[in-house]
Amino acid sequence: MVSFGFGNIVGLLGLLSLIPLILLYLIRPKAKEIDVPSLMFFQKDLKRKQERAFFQRLRKDWLFLLQLLGLLALSLFFAQPYLVLDKGISLDESVIVLDASASTGVGNVFERVIDEARSVVGKKNTLIMVGAAPYVALQNTDKKTTLNFFDDLEVGAVASSLGQALTLAGQYAVGAQPEIFVISDFMDTGTISFDSAREILISRGVRVHLLDVGEEKTYSNIGIIQVKPRADISEMVVKNFQTAPQQITVDVNGQIKNLNLEGLGTQIISFASKPGLHTVKLNVNDDLALDNIAYVSIPSSKKVRVLLLSDNPSRYLKAALTSTSDIELDITASLPSERYDVYILQGLETLSQPEVQALEQRAREGASVVIYAQQDMQSLNYGNLLPVNLGEKIGYAQIEEVQANKFTQGVEFGGVQQHFVTRNEQGITLLRGLNSSLLTLYTLDEGKVVYYGIMESASDFALNPGYPIFWVNFVRYLGNARTITDVNRQGGSLLTYPEKVTITTPSQSVYTNMLYLHEPGVYTIGEDQIVVNLASEKESQLLSATAAEREQRIAQQPEGIRQHLGTFLLWAAIALVFLELLLTKGRGEL
């Protein structure tokens with residue numbers, strides 16, 4: 001069904017502009033009438049022709065018709081006309097909130113998710129993926145690319161925070177009459193109210209279409225709702241979401257165990273944690289498969305050996321690097337022959353060229369070298385180690401994160417009262433002040449070199465609680481050490497690296513520095529095995545909406561999809577003006 005409407009009724013006043021045009025056309029100078037007796041015979045027939053003259057002139061006067069149609073199109077443009085259409089008709093711009101969370105993996109729900117998504121794809125599309133932390137999967141992407149994305153999409157091991165996803169979509173719903181399409185089973189497991197987020201958008205004039213693909217039925221499920229990886233004994237919590245007791249078998253690293261679960265009860269599975277990959281699988285036939293298997297990855301214990309090369313060691317840096325047991329710190333004023341994983345050059349009075357050459361060689365062989373900014377560092381020759389060219393010192397700058405990464409994320413750096421201007425930056429800049437780098441990471445053969453430009457004498461960052469957190473995480477990365485938290489991730493989290501790496505996911509291999517962990521399973525990066533689990537009690541509960549909730553949702557639906565005609569009318573007006581100019585020139589009047 002198709003209906004018609006106006007977004008701005010006041011704009012119809014523009015139609016009044018047609019009146020002067022019509023009056024000017026009708027009011028024309030009349031010729032003086034002279035009676036000629038010999039022509040009286042024809043006057044009766046001439047009178048009948050004059051009665052039809054107006055319509056004949058109107059039909060033949062193309063210039064007037066072009067002016068009339070052009071003015072009509074321009075007047076209607078200001079009234080913002082639109083058609084209300086059913087789904088399936090292509091839109092100019094479409095903002096889609098798509099739910100591919102774990103709960104959509106039951107029955108045929110996910111197939112309906114994709115079918116509905118295809119029906120609302122526009123010429124340009126922004127796609128918000130629902131998850132524990134929703135993210136923008138596509139932005140202003142063409143129709144073909146969007147449809148190809150749907151072809152490759154699968155159900156994810158993620159929770160469904162619909163309210164947060166809708167709030168994020170609101171940032172991309174722009175224009176005179178923006179519309180958002182939410183495709184979901186509406187099993188909301190987030191903390192932000194979906195109804196509240198929707199009401200806020202409606203108050204802004206956004207039309208929110210709810211495409212419910214859920215099923216009105218009760219599901220049966222037994223799932224792993226919690227994973228607790230530890231260095232000695234790891235645990236997993238299994239829950240029976242059915243009211244009747246269940247007896248199942250569990251495969252724990254190849255060993256079969258029996259498990260008796262009370263109705264709505266839980267049990268803990270524990271196993272010894274050795275370095276490597278551990279798998280627990282429930283041998284059940286229920287409605288949700290994603291929570292029937294979970295993984296634990298235990299990294300090999302490694303201590304990062306760090307040398308602080310300094311004549312005047314920073315007590316703040318020393319305190320940060322000795323705050324954890326997996327970092328071994330030595331402090332010397334000259335470079336020893338002993339090898340370290342990470343070298344930090346800070347508070348130096350001199351730096352010999354043999355030391356610079358030795359540090360460069362060790363970096364090329366796999367070590368990491370950090371150059372910590374100091375007031376007189378321009379007097380030192382860092383050779384090829386410095387990944388930036390230093391200029392003059394300038395004043396205050398706010399420290400800004402340039403690229404998301406796990407070292408700087410969530411850390412408040414504040415500002416610097418003084419810093420060096422940098423030029424010809426190599427590698428990747430992670431922090432910046434004004435137009436200069438304050439943290440640059442550069443790969444040198446097998447190792448890395450770093451410029452850290454936040455001088456302690458010109459910043460309060462060393463007094464910030466985030467200072468030791470930053471340095472511990474950064475040194476662990478530079479020393480290729482991983483914690484249990486690093487390699488055991490919740491589905492829906494974001495994996496970030498300061499530089500692009502090859503990541504083998506459960507389904508493919510990608511080369512990127514940022515990856516949304518949508519799929520459950522094992523991800524391999526170099527020697528690291530990162531595991532992703534659903535482990536969400538709310539998502540595994542599979543509570544579908546009641547009939548009353550669905551009826552209320554349907555009652556609040558906007559009617560159809562608005563197809564705005566403003567752009568078409570504007571181009572039509574321009575085309576008519578162009579034709580008018582051509583006609584005028586053809587008559588010789590221009």
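- Evaluated for a side chain to side chain donor-acceptor pair (under 3.5 Å) with Glu499, the options Asn513, Thr443, Asn405 yield exactly one hit, Thr443.
- Salt bridge annotation for Glu262-Lys239: absent, with no cationic side-chain nitrogen under 4.0 angstrom from a carboxylate oxygen.
- Nearest heavy-atom pair across Ile96 and Val120 is CD1-CG2, 4.0 Å.
- Taking the six-membered ring where the residue is Trp, Phe407 and Phe474 present tilted rings, their angle falling between 30° and 60°.
- In this structure, Glu425 pairs ionically with Arg432, as a charged nitrogen and a carboxylate oxygen lie closer than 4.0 Å.
- A salt bridge is absent between Arg305 and Asp341: the closest approach of a Lys/Arg side-chain nitrogen to an acidic carboxylate oxygen does not fall below 4.0 angstrom.
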For side-chain hydrogen bond (donor to acceptor under 3.5 Å, both in side chains), just list the numbers for Arg476 and Thr324, CA-CA rounded to whole Å, side-chain angles, deciding distance to a tenth of an Å, and then say yes or no. CA-CA 11 Å; Arg476 282 173 177 163; Thr324 178; 3.2 Å; yes
Start with the C-alpha gap between Val155 and Leu290, add the side-chain angles, then the distance that decides, and say whether side-chain contact (heavy atoms from CB on, under 4.5 Å) holds. CA-CA 9 Å; Val155 177; Leu290 279 176; 3.6 Å; yes
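- Contact record, Thr496 with Lys406: OG1-N, 3.2 Å, taken as the closest heavy-atom pair.
- In this structure, His518 contributes its side chain and Gly156 its backbone to a donor-acceptor pair below 3.5 Å.
- In the model, Asn283 has no side-chain atom that pairs as donor or acceptor with a side-chain atom of Asp251 under 3.5 Å.
- Taking 4.5 Å as the limit, some side-chain heavy atom of Val501 sits within range of a side-chain heavy atom of Ile503.
- Side chain to side chain, Ser300 and Arg482 fail the donor-acceptor criterion of an N or O pair below 3.5 Å.
- A donor-acceptor contact closer than 3.5 angstrom links the side chains of Asp99 and Ser101.
- Between the side chains of Asn258 and Thr249, no donor N or O sits under 3.5 Å from an acceptor N or O.
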Test salt bridge (charged side-chain N to carboxylate O under 4.0 Å, His left out) on Lys303 and Asp326; report intermediate values, then the result. CA-CA 5 Å; Lys303 289 191 175 184; Asp326 60 348; over 6 Å; no
Stepwise, does the side-chain contact (heavy atoms from CB on, under 4.5 Å) test hold for Val208 with Val182? CA-CA 7 Å; Val208 182; Val182 183; 4.0 Å; yes
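- Contact annotation: the side chain of Val237 never approaches that of Ile224 to less than 4.5 Å [non-hydrogen atoms, C-beta and beyond].
- Nearest heavy atom pair, residue Val487 against residue Ser297, reads CG2-O, 3.5 Å.
- Two residues are said to be in side-chain contact when any heavy atoms from C-beta on lie closer than 4.5 Å; Phe413 and Phe470 meet this criterion.
- Side-chain polar atoms of Asp185 and Ser103 form a donor-acceptor pair below 3.5 angstrom.
- The nearest pair of heavy atoms linking Val130 to Ser161 is CG1-N, 3.8 Å.
- In Gln508, the CD atom is crowded: over 12 heavy atoms of neighbouring residues, nucleotides or ligands sit closer than 6.0 Å.
- A donor and an acceptor atom, one from each side chain of Gln139 and Thr126, are nowhere located under 3.5 Å apart.
- No hydrogens or angles considered: a donor-acceptor pair under 3.5 Å links the side chains of Thr429 and Thr440.
- Under the 3.5 Å distance criterion, the side-chain polar atoms of Thr505 are matched with a main-chain donor or acceptor of Ser507.
- Between Ile222 and Val238 there is a side-chain heavy-atom pair separated by less than 4.5 Å.
- Ion pairing between Lys124 and Asp142 fails under the 4.0 Å rule for side-chain N and carboxylate O.
- Within a 6.0 Å radius of NZ in Lys274, other residues, nucleotides and ligands contribute 12 heavy atoms or fewer.
- Annotation for Asp232: atom CG counts as buried by contact number, over 12 foreign heavy atoms lying within 6.0 Å.
- To the nearest 0.5 Å, atom CD1 of residue Ile225 and atom CD of residue Glu539 are 13.0 Å apart.
- For the pair Lys257 and Phe271, the cation does not sit on the ring face, since its NZ or CZ is not both under 6.0 Å from the ring centre and inside 45° of the axis.
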Quick one, Gln529 with Thr524, criterion side-chain hydrogen bond (donor to acceptor under 3.5 Å, both in side chains). Give me CA distance, side-chain angles, the key distance, then yes/no. CA-CA 5 Å; Gln529 287 184 310; Thr524 304; 4.8 Å; no
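- Atom CG in Asp286 sits 6.0 Å away from atom OG in Ser220 (nearest 0.5 Å).
- We find that Lys538 and Asp188 are not joined by a salt bridge, their nearest charged nitrogen and carboxylate oxygen being 4.0 Å or further apart.
- At a cut-off of 3.5 Å, with distance as the only test, a side-chain donor of Glu215 or Tyr219 sits close to an acceptor on the other residue.
- With contacts defined as side-chain heavy-atom distances shorter than 4.5 Å, the pair Lys143/Arg118 does not qualify.
- Of the possible donor and acceptor atoms, one in the side chain of Gln267 sits under 3.5 Å from a partner among the backbone N and O of Asn260.
- No more than 12 heavy atoms of other residues, nucleotides or ligands lie within 6.0 Å of CD in Gln409, so this atom counts as exposed by the packing criterion.
- Residues Val252 and Ile269 form a side-chain contact, since some pair of their non-hydrogen atoms from C-beta on lies under 4.5 Å apart.
- In this structure, Tyr442 and Pro387 approach most closely via the heavy-atom pair CB-CB, 3.7 Å.
- Using a 4.5 Å heavy-atom cutoff, the side chains of Ser437 and Tyr451 are in contact.
- For Asp115, the side-chain contact (heavy atoms from CB on, under 4.5 Å) test picks out no residue, with sequence neighbours left out.
- Smallest separation of non-hydrogen atoms from Ala159 and Leu534: N-CD1, 4.4 Å.
- Using cut-offs of 30° and 60° for the angle between ring planes, the Tyr467 and Phe461 rings count as perpendicular.
- For the pair Leu201/Ile180, a side-chain contact is recorded, criterion being any heavy-atom separation below 4.5 Å from C-beta on.
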